[in-house]
Number of protein chains: 2
Amino acid sequence: MIQKLTSEERAKQVAQLNGWQAVTDRDAIQRAFQFADFNEAFGFMTRVAIKAQEMDHHPEWFNVYNRVEITLSTHEADGVTERDIRLASFIDSITA
Amino acid sequence: MIQKLTSEERAKQVAQLNGWQAVTDRDAIQRAFQFADFNEAFGFMTRVAIKAQEMDHHPEWFNVYNRVEITLSTHEADGVTERDIRLASFIDSITA
C-alpha cells in the first residue's frame, strides 16, 4: 500500500518541480499549461496519457482549446504520493 | 458570424441527441461518459479531438480515469449553436 507524503516531504518535492502547487482544499497538486493551439495541447495530453498508462497512474485533467489543467493525487492513498511526483516530473520534462 | 440557437431550437435539437443536457448556469450542453478503463476513455477522446480539429470546433472536457465529461458551447456566439449539435451528434455516433 502506497503512503502519502508528509506535508514536509510534499513541500520539498513540489519545490523541485516546475510550477506545480498544492491544491488548497484537498491533498493534491496542480499545474496549468498553455499551448499555441488545440493541436499542441492535445499532442501534449497524448504524451502524458501514454506515460500515465505505462505507470498505471492517471491524471485528472481539464482541457479547453489551448489550455490544460492537471491535478495529481493518488486515489488509494487519498493524497499526494511519490507516484504523483514522478508523473509531474515527466510532465515537466516534456514541457521544458 | 454564427448565431446561437433560440431556446426552442436548442431544446428541439438536444432532444434528438443521446443523453445531452442543457447546463443550468450557462448556455452550453453537457454529457458524461463512462468507459471500461483509461485506455478506452482516452481512445474516445482522441477520436473526438481529431473530429474537433477537423471542424475547428473544440470541446471543454474533463477526464479522470474512465470518466469523461464534455461541455459544448460556441465561444464566438456565447452559446449553443449548430456546431455544438453537430459535434455532439458525432460524439453520440461513436458511443452508440
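Each chain gets a letter, A, B and so on, in the order the sequences are listed, and its residues count up from 1.
Scanning residues 82-96 of chain B against chain A with a 4.5 Å heavy-atom cutoff picks out nothing at all. Interface residues of residues 51-78 of chain B toward chain A, defined by a heavy-atom distance below 4.5 Å and sorted by number: B/Gln53, B/His58, B/Pro59, B/Glu60, B/Trp61, B/Phe62, B/Asn63, B/Val64, B/Tyr65. Below 4.5 Å, heavy atoms of chain A meet heavy atoms from B/Phe38, B/Asn39, B/Phe42, B/Met45, B/Thr46, all part of residues 13-47 of chain B.
Side chains of B/Val80 and B/Arg10 form a contact here, defined as non-hydrogen atoms less than 4.5 Å apart.
Judged as a side-chain hydrogen bond (donor to acceptor under 3.5 Å, both in side chains), and not counting sequence neighbours, the contacts of B/Glu9 are B/Thr6.
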